[in-house]
Amino acid sequence: MKKRMFALALAAMLALSLAACGGDAPASEPASASSSVTDGGEISAEQTAMIDDYNLMVDDYNAVLGQLEQSDDLMAMEEVTSMVNQVTDSINGVTDILNQGGQLGDEKLVQLQQVIDDNREFTANLQAMVDNYAGQTVVSITMQLGNDTGADLYGVAMSPSGDESWGGNLLVEPLANGEVGSTTMNITAETLTWDLLAADAEGNTIEFRGIDFTDVDVNTGAEILLTTNESGEYIAAIA
């Protein structure tokens, strides 16, 4: 998986509010909203409020990044880098919107609000990971994932059972029905039971609850087969 540098995501986020106004963001501190745009016209109160809202989201995200940087285990986790990649992609989407210059019309405002909401969700997921692994020894294990669901899978996310949010997408590329893919995951003594969410190309999802890693050998890893039982119910068989 391609790992994007945390610093790049951070720098992009801090530059956004002045980018919306046609200015250059300072390198050492968050930029604040201005009252002009690239075409010299004044921005609306709604646009100013949305930029302020975005900057508040940035502050929350930066706070989580600060916590992540204090843990080498968390920084090395594939789930974390996956979510940071998603945030970076989302930031790029905002940059494209803002770099078009001029007043933001209703359509652009809706697009920007969606990005703000998405980034808040990603930030909440990252914060949940920080909270889950705080003070614990993290062990990385290899996981062989078999797909016998009857559909090609384009997304697979996992989180400890009981969490309210999912981790990042573990798939580097789609996992076709009948194929086996390899990935890594991180567990601790307190996070041995996991839930898994699988999604097809249309966004239809299947949830597999209570996958128990208690008896998994951390040296050889785990084999999980996503399949159905005789009743047609989806199950995750672990070996």
Side-chain angles (χ1 to χ4, degrees), residues 1-2 4 57 61 64 74 77-93 110-111 113-133 140-188 191-214 216 221-239:
M1 173 176 292
K2 180 180 179 182
R4 295 171 178 154
M57 181 274 297
Y61 182 74
V64 176
L74 285 172
M77 289 173 61
E78 189 170 353
E79 297 98 319
V80 172
T81 57
S82 175
M83 275 190 278
V84 171
N85 283 345
Q86 292 181 66
V87 172
T88 304
D89 289 340
S90 187
I91 293 168
N92 290 337
V110 170
Q111 292 174 351
Q113 187 61 60
Q114 183 60 57
V115 173
I116 292 173
D117 293 343
D118 289 346
N119 278 326
R120 280 210 172 95
E121 181 179 352
F122 295 144
T123 299
N125 289 342
L126 286 171
Q127 184 65 64
M129 281 191 154
V130 171
D131 295 341
N132 279 332
Y133 294 112
S140 180
I141 65 172
T142 301
M143 181 174 67
Q144 301 293 325
L145 186 65
N147 177 17
D148 189 31
T149 62
D152 297 341
L153 300 181
Y154 284 72
V156 170
M158 297 185 69
S159 67
S161 295
D163 271 16
E164 296 181 356
S165 58
W166 294 101
N169 187 7
L170 296 176
L171 297 183
V172 178
E173 57 186 20
L175 182 62
N177 184 54
E179 291 188 351
V180 176
S182 179
T183 186
T184 58
M185 65 174 296
N186 298 275
I187 61 175
T188 72
T191 57
L192 293 175
T193 305
W194 289 69
D195 300 329
L196 184 149
L197 179 73
D200 64 15
E202 285 73 41
N204 301 310
T205 59
I206 309 168
E207 296 184 8
F208 301 83
R209 299 284 181 173
I211 305 172
D212 190 353
F213 287 83
T214 301
V216 170
E223 298 179 5
I224 298 178
L225 178 63
L226 305 181
T227 184
T228 56
N229 59 21
E230 294 180 355
S231 301
E233 300 171 324
Y234 288 105
I235 60 172
I238 185 170

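All residue numbers in this chain count up from 1 along the given sequence.
Leu171 and Gly155 make their closest contact through CD1-N, 3.7 Å (heavy atoms, listed as atom of the first residue, atom of the second, distance). Annotation for Phe213 and Ala222: closest pair CE2-CB, 3.9 Å, computed over non-hydrogen atoms. Across all non-hydrogen atoms, the minimal contact from Gly221 to Val216 is O-CG1, 3.5 Å. Here the closest heavy-atom approach between residue Gly146 and residue Val180 is recorded as CA-CG2, 4.0 Å. Between Ser165 and Ala124, the closest heavy-atom pair is OG-O, 4.5 Å. The minimum heavy-atom distance linking Thr123 with Tyr61 is given by the pair OG1-CD1, 3.3 Å.
The line from CD of Glu179 to CG of Leu145 is 11.5 Å long, rounded to the nearest 0.5 Å. Rounding to the nearest 0.5 Å places CD of Gln114 at 10.0 Å from CG of Asn119. Here Met185 contributes atom CE and Thr183 contributes atom OG1; the two are 9.0 Å apart, rounded to the nearest 0.5 Å. The CG atom of Asp195 sits 11.5 Å away from atom CZ of Phe208, with the distance rounded to the nearest 0.5 Å. Separation of atoms CG (Leu196) and OG1 (Thr205) is listed at 11.0 Å; rounding is to 0.5 Å.
Listed by first then second residue, pairs satisfying side chain to side chain donor-acceptor pair (under 3.5 Å) with a partner in residues 149-160 read Asn147-Thr149, not counting sequence neighbours.
Evaluated for a side chain to side chain contact (heavy atoms under 4.5 Å, CB included) with Met143, the options Thr184, Val156, Leu170 yield exactly one hit, Leu170.
Residues Met57 and Phe122 fail the side-chain proximity criterion, which asks for heavy atoms closer than 4.5 Å. The side-chain heavy atoms of Glu121 and Asp117, taken from C-beta on, include no pair separated by under 4.5 Å.
No donor-acceptor pair under 3.5 Å is formed between the side chain of Thr191 and the backbone N or O of Ile187. Remark: the backbone N or O of Leu153 is not paired with any side-chain donor or acceptor of Asp200 at under 3.5 angstrom.
When the side-chain hydrogen bond (donor to acceptor under 3.5 Å, both in side chains) test is applied to Thr228, no partner is found at least two apart in sequence or on another chain.
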Show me the side-chain donor-acceptor pairs of residues 230-239 shorter than 3.5 Å, one per line, residues at least two apart or across chains.
from: Glu233; atom 1: OE1; to: Asn229; atom 2: ND2; distance (Å): 3.1

